[in-house]
Amino acid sequence: MNVEEEVERLKVEIKRLGKVQPDGSYKVTFGVLFHDDKCANIFEALVGTLRAAKRRKFLTYDGELLLQGVHDNVEIILKPASEEAAASAATASDAVAKA
């Protein structure tokens, strides 16, 4: 599975486990994601997938590196679909500019 596929799977899992917010975003804590059996079976490197999604501006959370136990209460926010589309377009244009 490539990084883009893992990020898409992560977005699905955040929507499944998280709570929708009034602005259309989804909020879940790192501990909930980390301790979920389905996520554990899907993601070999959950922290790496979170970082990739954050770099692509699909989600946000405080800090750079999340560690189980210490950061279980850190909130991960999946941006609303309209912001996701804008982030996806920006990522695509960055890739073209680098090529």
Show which side-chain atoms of residues 58-68 pair as donor or acceptor with protein atoms under 3.5 Å away, not counting sequence neighbours.
none

Quiz item: Nearest 0.5 Å, what's the NZ-CD distance between K38 and E13?
Solution: 4.5 Å
Self-check item: Main-chain N/O of E5 paired to R9 side chain as donor or acceptor, under 3.5 Å
Solution: no
Self-check item: With A40 via side chain to side chain contact (heavy atoms under 4.5 Å, CB included) - residues at least two apart
Solution: none
Side chains of residues 41-51: which donor-acceptor pairs under 3.5 Å do they make with residues two or more places apart or in other chains?
| unit_1 | atom_1 | unit_2 | atom_2 | d |
| --- | --- | --- | --- | --- |
| N41 | ND2 | D37 | O | 3.3 |
| T49 | OG1 | E6 | OE1 | 2.7 |
| T49 | OG1 | A45 | O | 3.2 |

Quiz item: What pairs with K19 under salt bridge (Lys or Arg N to Asp or Glu O under 4.0 Å), at least two apart in sequence or on another chain?
Solution: none
Quiz prompt | S25 and L78, any side-chain heavy atoms less than 4.5 Å apart | solution = no
Quiz item: V20 and L10: same hydrophobic cluster, using ILVMFWY side-chain contacts below 4.5 Å?
Solution: yes
Practice problem: Applying side chain to side chain contact (heavy atoms under 4.5 Å, CB included), name anything that partners V28, two or more places apart in sequence or on another chain. | Solution: I14, L17, V32, L33, I76
Quiz prompt | Lys/Arg N to Asp/Glu carboxylate O, K79 vs D23, below 4.0 Å | solution = no
Quiz item: By side-chain hydrogen bond (donor to acceptor under 3.5 Å, both in side chains), which residues pair with Q21, not counting sequence neighbours?
Solution: none
